[in-house]
Amino acid sequence: MHWIRRALYGVAAFFLVLVVLLLWFAIARPVQVLPRISAAPAFMLTDQNGRWVSDIDLRGSVLIINFAHTRCGERCAAMERGLLTLVDVLRADGRLGAQVRLVTITVDEHDTPPALRAYAARLNASAPEWIFLTGSARELKQLVGGEYGVYYRLDGETVHLDQRVVLVDETGLLRAEYDGMRLDPAIVLRDIGLVEQEANSSDVARPIYEAAHIFVCYPR
């Protein structure tokens, strides 16, 4: 009976240590991850050079996708400034075009490839670092308004748009959403780093990242 009691004490001590470790992990959050929100919507659109581009073509890179239109002007100025800051930082550290790409999807079917090329030139943006996509009114409404859930409405020459920026990881999962009017480049850069760290983690570290998802170790 004595050895049984010792075994029971050992099992109880093991589970106590395990509970303490789990509580510490949940509170201290030594590893942070971004939530796996959902699979990003599939699409097949036309870029600023008149070429077909699909979501599959962009796999393997972290994507920063924003929704805009070429006539947005001052209303989109804050979002554009934030994206341009991201471009500068990512280009300086060599990640732009390789690990990270920017994608602008217009909500206005009148934004033809020539109009998008002019818009890209104004932003000093070039493919493949930053691509601009357009499609038919039906395609855009289904993708942007339907699957991404971004509100917009065309009222004659005026486009009412809920400015949104999203982060899609290299496997095509939607990981973060941002208010384009209050886009903080520092937060987006932090999130890109978190996604890259998780993607590049070793097999040994993989269970730790999975535990971080289970315990909702998301940035505050």
Side chain to side chain contact (heavy atoms under 4.5 Å, CB included) between R117 and R122, intermediate numbers included: CA-CA 9 Å; R117 282 200 302 272; R122 181 171 69 78; over 6 Å; no

CA sep, side-chain torsions, deciding dist, call: T85, D88, side chain to side chain donor-acceptor pair (under 3.5 Å): CA-CA 5 Å; T85 298; D88 289 341; 5.6 Å; no

Step-by-step salt bridge (charged side-chain N to carboxylate O under 4.0 Å, His left out) determination, R36 to E210: CA-CA 11 Å; R36 296 164 177 160; E210 292 304 319; 2.9 Å; yes

Candidate pair L116 and D47, rule side chain to side chain contact (heavy atoms under 4.5 Å, CB included), full reasoning: CA-CA 8 Å; L116 292 179; D47 72 4; over 6 Å; no

Test side chain to side chain contact (heavy atoms under 4.5 Å, CB included) applied to H69 and H110, step by step: CA-CA 9 Å; H69 57 96; H110 298 102; over 6 Å; no

Worked check of side chain to side chain contact (heavy atoms under 4.5 Å, CB included) between L173 and I37: CA-CA 7 Å; L173 288 178; I37 299 173; over 6 Å; no

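Of all the heavy atoms in P185 and L86, the pair that sits closest is O-CD2, 3.7 Å. Of all heavy-atom pairs spanning I187 and Y178, the tightest one is CG2-CE2, 4.1 Å. Smallest separation of non-hydrogen atoms from P41 and L143: CB-CD1, 3.7 Å. Minimum interatomic distance between S61 and A98 (heavy atoms only, all atoms of both residues): OG-O, 3.2 Å. Smallest separation of non-hydrogen atoms from A127 and Q48: CB-NE2, 4.1 Å. Of all non-hydrogen atoms in Y209 and V33, the two that sit nearest each other are CD2-CG1, 3.5 Å.
From D55, atom CG reaches atom CD1 of I65 across 9.0 Å, with rounding to the nearest 0.5 Å. L123 CG to T70 OG1: the interatomic distance, rounded to the nearest 0.5 Å, is 10.5 Å. Expressed to the nearest 0.5 Å, how far CD of Q197 lies from CG of L34 amounts to 10.0 Å. The CD atom of E196 lies 12.5 Å from the OG atom of S201; values are rounded to the nearest 0.5 Å. Atom-to-atom distance recorded for D162:CG and Y148:OH is 14.5 Å, nearest 0.5 angstrom.
At a threshold of 4.5 Å between side-chain heavy atoms, the hydrophobic network of Ile, Leu, Val, Met, Phe, Trp and Tyr places L63 and V188 in two separate groups. Put simply, L90 and V103 are part of two different groups of oily side chains (I, L, V, M, F, W, Y) that touch within less than 4.5 Å, one to the next. With hydrophobic clusters built from ILVMFWY side chains whose heavy atoms lie under 4.5 angstrom apart, L45 shares a cluster with V150. Grouping the Ile, Leu, Val, Met, Phe, Trp and Tyr side chains by contacts below 4.5 angstrom, directly or via other members, places V159 apart from M181. Using a 4.5 Å cut-off between side-chain heavy atoms of Ile, Leu, Val, Met, Phe, Trp and Tyr, with links allowed through other members, M79 and V144 fall into different hydrophobic clusters.
Annotation: side chain of Q142 is in contact with side chain of E147 (closest heavy-atom distance under 4.5 Å). In this structure, L58 and V168 have side chains that are not in contact, with every pair of non-hydrogen atoms separated by 4.5 Å or more. The side-chain heavy atoms of D108 and L154, taken from C-beta on, include a pair separated by under 4.5 Å. Contact annotation: the side chain of L194 approaches that of P219 to within less than 4.5 Å [non-hydrogen atoms, C-beta and beyond]. Side-chain contact between W52 and M44 is present, with heavy atoms from C-beta onward closer than 4.5 Å. Using a 4.5 Å cut-off on side-chain heavy atoms (C-beta onward), T106 and Y119 make no contact. Side-chain contact between R164 and D179: absent, with no pair of heavy atoms (C-beta onward) separated by less than 4.5 Å. Between Q99 and V62, every side-chain heavy-atom pair lies at or beyond the 4.5 Å cut-off.
When each of N66, I64, L83 is tested with L183 by the rule side chain to side chain contact (heavy atoms under 4.5 Å, CB included), just one qualifies, namely L83.
Under 3.5 Å, the side chains of R153 and Y151 contain a donor-acceptor pair of N or O atoms.
The main-chain N or O of R75 is found under 3.5 Å from a side-chain atom of Q163 such that the two form a donor-acceptor pair. With hydrogens and angles ignored, the 3.5 Å screen pairs no side-chain donor or acceptor of R175 with any backbone N or O of D169. Checking side-chain atoms of R101 against main-chain N and O of P128 turns up a donor-acceptor pair under 3.5 Å. Using modelled atom types, no side-chain atom of D57 and backbone atom of V53 make a donor-acceptor pair closer than 3.5 Å.
Applying the 6.0 Å contact sphere to CZ of R182 captures no more than 12 heavy atoms from other residues, nucleotides or ligands. Counted within 6.0 Å of NE2 on H160, heavy atoms from surrounding residues, nucleotides or ligands total more than 12; the atom is thus considered enclosed. Heavy atoms from other residues, nucleotides or ligands lying under 6.0 Å from CG of D155 number more than 12.
With ring centers used as reference points, F67 lies 6.0 Å or more from Y152.
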Could you list the donor-acceptor pairs under 3.5 angstrom formed by side chains in residues 131-140, with sequence neighbours left out?
from, atom 1, to, atom 2, distance (Å)
T134, OG1, D111, O, 2.9
S136, OG, E139, N, 3.1
S136, OG, E139, OE1, 3.3
E139, OE1, S136, N, 2.8

